Amino acid sequence: MALPAAFYERDTVTVAKNLLGCLLVHCEETGTTAGRIVEVEAYLRGDPAAHSYRGETKRNSAMFGPAGHAYVYRIYGLHTCVNVVTETEGAGEAVLVRALEPVVGLDLMQARRGTDDPLSLASGPGKLAQALGITMDLNGTSLRDGPLQVRSPANPPELRPEDIVQTTRVGITKAADLPLRFYLKGNRYVSRR
DNA sequence: TTGCGGATGAACT
DNA sequence: GTTCATCCGCAAA
């Protein structure tokens, strides 16, 4: 089931950690694809690495929109990345979804990714967007009742603090030392590096 | 109007 | 470990 609005209206680090284990589901005509979130990164207000750092622009406006919506952007001209907007409206904070453990629609993901190796279907922000067929038109859409949704799994496994690894974020040049990356300990589907 | 560089991934050496 | 594919919003001018 979709998560309540209150889930997203908390501090971003808390939301990031609680997104681990949740499902990211994309329903469309060609079929449904879904994966379990195993790796995320938090981007905060006043954080030089965050797209919102220099204020609201056309590109990042979804980050300043309501919590529980998607911020989707294109990077390096070719890859698409998905964020979950958090906090109070206007804060400009979000959680980047970095890796999924494929759960539903493996065949569709394989076709889109051009590989049948489950470990490389969605183990990276660009990969997971490609695997789920996420495009820029999902930018700003609600993750609670849109075509792209975050849901809690049917039987939420007990997640203890020691099951979550906290470390530095990947691929950024500014504020690279902040420990705002979180992933499930020992999970084989997290991105490398 | 233009030039730049980035929250990446794949294919190289 | 290094290279490069390939786009667009943004800041500077």
Side-chain angles (χ1 to χ4, degrees), chain A residues 8 11-13 15-17 19-20 22 24 26 33 35 37-65 67 69-87 91-102 108-141 143 148 150 164-184 187-193:
Chain A
Y8 302 100
D11 80 271
T12 301
V13 167
V15 175
K17 288 192 274 194
L19 279 172
L20 293 173
C22 290
L24 185 65
H26 189 203
T33 44
I37 299 173
V38 299
E39 178 182 349
V40 296
E41 285 177 1
Y43 287 86
L44 309 177
R45 174 170 26 192
D47 172 0
H51 289 172
S52 56
Y53 185 59
R54 293 176 185 279
E56 183 173 352
T57 66
K58 188 174 182 180
R59 178 199 187 205
N60 67 20
S61 63
M63 271 187 99
F64 293 87
H69 284 228
Y71 166 48
V72 182
Y73 67 91
R74 182 173 294 275
I75 190 69
Y76 300 121
L78 13 139
H79 303 293
T80 304
C81 300
V82 192
N83 292 251
V84 175
V85 178
T86 63
E87 269 274 346
E93 302 197 348
V95 176
L96 171 69
V97 182
R98 283 197 54 91
L100 301 177
E101 176 179 336
L108 193 48
M109 294 192 207
Q110 287 165 355
R112 284 171 174 155
R113 292 274 304 120
T115 176
D116 57 357
D117 175 11
L119 287 176
S120 56
L121 281 181
S123 54
K127 295 182 191 177
L128 75 88
Q130 185 182 26
L132 293 205
I134 291 167
T135 50
M136 285 300 297
D137 58 335
L138 291 169
N139 187 32
T141 61
L143 293 169
L148 182 66
V150 176
I164 299 176
V165 178
Q166 176 169 183
T167 180
T168 52
R169 295 176 291 187
V170 173
I172 55 173
T173 55
K174 289 161 283 190
D177 54 326
L178 295 181
L180 292 174
R181 177 185 180 213
F182 305 90
Y183 61 89
L184 293 181
N187 191 284
R188 304 174 59 212
Y189 295 89
V190 303
S191 67
R192 325 217 166 222
R193 247 189 269 207

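Within every chain, numbering begins at 1; the chains are lettered A, B, ... in the order of the sequence lines, protein sequences first and strands thereafter. Computed from a prediction, not measured in an experiment: that's the story for all the values here. Computation of the quantities below employed the complete heavy-atom set of this structure, encompassing side-chain atoms and omitting hydrogens, waters and symmetry-equivalent molecules.
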- prompt: Is there side-chain contact between A:R188 and A:P118, with heavy atoms separated by less than 4.5 Å?
  reply: no
- prompt: How long is the line joining OH of A:Y71 and P of B:dA7, in whole Å?
  reply: 9 Å
message: When you compare the side chain of A:F64 with that of A:S52, does any pair of heavy atoms fall below 4.5 Å?
response: yes
- request: Look up atom CD in A:E39 and atom CG in A:L128, then write down how far apart they are to the nearest 0.5 Å.
  value: 9.5 Å
query: So, do A:Y71 and A:H51 sit near enough that their side-chain heavy atoms are less than 4.5 Å apart?
result: yes
message: From CG of A:N139 over to P of C:dG9, roughly how many Å is that when rounded to an integer?
response: 11 Å
- prompt: When you measure from the side chain of A:L78, which nucleotide among B:dA7, B:dG9, C:dT6 comes out closest?
  reply: C:dT6
message: Applying side-chain contact (heavy atoms from CB on, under 4.5 Å), can you list everything that pairs with A:D177, at least two apart in sequence or on another chain?
response: none
task: Name all residues meeting the side-chain contact (heavy atoms from CB on, under 4.5 Å) criterion together with A:A16; count only those two or more places apart in sequence or in a different chain, and write none if there are none.
output: A:V40, A:A42, A:V95, A:F182
message: With a 4.5 Å cut-off on side-chain heavy atoms, are A:L19 and A:L24 touching?
response: no
task: Tell me what A:M136 touches on the nucleic acid: a base, only sugar-phosphate, or nothing, going by heavy atoms under 4.0 Å.
output: nothing
- request: Applying side-chain contact (heavy atoms from CB on, under 4.5 Å), name anything that partners A:P125, two or more places apart in sequence or on another chain.
  value: A:C81, A:L96, A:R98
Measure all distances between protein nitrogen or oxygen atoms and nitrogen or oxygen atoms of nucleotides 2-6 of chain B, and list the pairs falling under 3.5 Å.
none

- prompt: Is there side-chain contact between A:N83 and A:Y73, with heavy atoms separated by less than 4.5 Å?
  reply: yes
field: Dot-bracket encoding of pairs in DNA chain B, which uses [ ] for pseudoknotted crossings and | for another strand, Watson-Crick or G-U under 3.5 angstrom
entry: ||||||.|||||.
Below 3.5 Å between N/O atoms, which protein atoms pair up with nucleotides 10-13 of chain B? Just atom names and distances, please.
| residue | atom | partner | partner atom | Å |
| --- | --- | --- | --- | --- |
| B:dA10 | OP1 | A:R113 | NH1 | 2.9 |
| B:dA10 | OP1 | A:R113 | NH2 | 3.0 |

- prompt: Are any non-hydrogen side-chain atoms of A:L138 and A:T141 less than 4.5 angstrom apart?
  reply: yes
- request: Taking atom C1' in both B:dA10 and C:dC8, compute the distance separating them and give it to the nearest angstrom.
  value: 22 Å
message: Measuring only between side-chain heavy atoms, which start at C-beta, is A:E93 closer than 4.5 Å to A:M63?
response: no
query: Is the aromatic ring centre of A:Y73 closer than 5.5 Å to the centre of the six-membered base ring of B:dA7, with the two planes inclined by less than 30°?
result: no
